[in-house]
Asks: 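The structure follows.
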Amino acid sequence: MLAVDKNTFQEEVLEADGFVLVDYWSDGCEPCKALMPDIEALAEQFDGKVKFTKLNTTKARRLAIGQRVLGLPTIALYKGGEKIAEVTKDDANKANIEAMLTNNIG
């Protein structure tokens with residue numbers, strides 16, 4: 001997984017070709033940390049189909065708010081610079097993230 005920040009988000013996510021998943025997390029978010037191994041497993045499963053990235057919102061709060069990320073964890077799927085799907089908070093589990101990916105990628 002590629003760690004992105006406010007300096008690389010535009011290039012790595014919004015200007016990237018194909019699908020990009022962004023795992024929005026923060027240092028103080030225990031559910032985010034618990035979800036990380038599942039995200040990494042999905043990154044292997046969807047290797048070559050989706051680019052997996054993660055953004056620590058502690059260091060990029062304004063960017064997260066600009067992307068309408070209001071709660072954590074938030075897992076968002078982008079294509080062509082647009083957010084096309086997301087799962088948040090209590091819905092952010094491996095099954096729901098996998099379903100979001102499958103439904104949008106085909």
Side-chain angles (χ1 to χ4, degrees):
M1 273 180 77
L2 176 69
V4 294
D5 59 26
K6 60 188 174 192
N7 299 319
T8 59
F9 187 85
Q10 179 77 29
E11 179 184 350
E12 296 292 350
V13 177
L14 301 180
E15 295 173 2
D17 291 331
F19 294 97
V20 183
L21 179 140
V22 181
D23 176 7
Y24 291 94
W25 68 285
S26 76
D27 297 318
C29 175
E30 291 308 317
C32 298
K33 293 176 188 173
L35 193 58
M36 197 70 73
D38 290 337
I39 303 283
E40 289 169 354
L42 288 168
E44 288 182 25
Q45 184 179 332
F46 286 89
D47 187 38
K49 297 178 185 169
V50 181
K51 178 180 181 178
F52 278 70
T53 66
K54 58 185 176 182
L55 176 78
N56 185 338
T57 61
T58 307
K59 299 174 181 137
R61 190 157 287 147
R62 205 173 285 148
L63 172 60
I65 291 168
Q67 291 296 315
R68 295 185 193 88
V69 174
L70 306 176
L72 295 175
T74 293
I75 314 299
L77 186 63
Y78 291 80
K79 185 173 186 198
E82 298 291 321
K83 187 191 302 183
I84 59 171
E86 70 179 0
V87 290
T88 60
K89 298 181 188 167
D90 295 340
D91 291 332
N93 60 49
K94 187 176 182 186
N96 287 343
I97 298 165
E98 185 173 1
M100 173 184 73
L101 289 167
T102 304
N103 292 340
N104 285 282
I105 294 164

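What's counted below: heavy atoms across the whole structure, side chains too, no hydrogens, waters or symmetry copies. Small disclaimer: the values here were computed from a predicted structure and weren't measured.
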Asks: What distance do L21 atom CG and T53 atom OG1 have between them, rounded to the nearest 0.5 Å?
Replies: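 Rounded to the nearest 0.5 Å, the CG-OG1 separation comes out at 6.5 Å.
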Asks: Does any pair with a residue in residues 69-106 pass disulfide bond (SG atoms under 2.5 Å apart), and if so which ones, sequence neighbours excluded?
Replies: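 Every pair satisfying disulfide bond (SG atoms under 2.5 Å apart) with a residue in residues 69-106: there are none.
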Asks: Give the table of side-chain donor-acceptor pairs shorter than 3.5 Å for residues 25-44, with sequence neighbours excluded, one pair per line with atom names and distance.
Replies:
{"from": "D27", "atom 1": "OD1", "to": "N56", "atom 2": "ND2", "distance (Å)": "3.1"}
{"from": "K33", "atom 1": "NZ", "to": "D27", "atom 2": "O", "distance (Å)": "2.6"}

Asks: Quick one: hydrophobic cluster around V69, which other residues, with the 4.5 Å side-chain cut-off, linked directly or via members?
Replies: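 Hydrophobic cluster check, V69: joined to L2, V4, F9, V13, L14, V20, V22, Y24, L55, L63, L72, Y78.
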Asks: Going by disulfide bond (SG atoms under 2.5 Å apart), name the pairs with one or both residues in residues 74-106, residues two or more places apart or in two chains.
Replies: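 For residues 74-106, and leaving out neighbouring residues, there are no disulfide bond (SG atoms under 2.5 Å apart) pairs at all.
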Asks: With side chain to side chain donor-acceptor pair (under 3.5 Å) as the rule and sequence neighbours excluded, what pairs involving residues 79-88 come up?
Replies: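 Every pair satisfying side chain to side chain donor-acceptor pair (under 3.5 Å) with a residue in residues 79-88: K83-E86.
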Asks: How long is the straight-line distance from CD1 of I97 back to CZ of F46, given to the nearest 0.5 Å?
Replies: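 So the CZ of F46 and the CD1 of I97 are separated by 10.5 Å.
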Asks: Please collect all salt bridge (charged side-chain N to carboxylate O under 4.0 Å, His left out) contacts where either partner lies in residues 54-67, sequence neighbours excluded, each pair once.
Replies: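 Matches after skipping sequence neighbours: none remain.
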Asks: Going by the side chain to side chain donor-acceptor pair (under 3.5 Å) test, which pairs reach into residues 89-106, not counting sequence neighbours?
Replies: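 Qualifying pairs, neighbours excluded: Q45-E98.
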Asks: Going by disulfide bond (SG atoms under 2.5 Å apart), name the pairs with one or both residues in residues 64-106, residues two or more places apart or in two chains.
Replies: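 The answer is none; no pair qualifies.
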Asks: Suppose the criterion is disulfide bond (SG atoms under 2.5 Å apart): which pairs have a residue in residues 52-106, not counting sequence neighbours?
Replies: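 Checked against disulfide bond (SG atoms under 2.5 Å apart) - neighbours excluded - no pair reaches residues 52-106.
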Asks: For the residue pair F19 and I84, establish whether any side-chain heavy-atom pair is separated by less than 4.5 Å.
Replies: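 Heavy-atom side-chain distance check passes, below 4.5 Å.
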Asks: So which pairs with a foot in residues 3-20 pass salt bridge (charged side-chain N to carboxylate O under 4.0 Å, His left out), sequence neighbours left out?
Replies: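 The answer is E12-K51.
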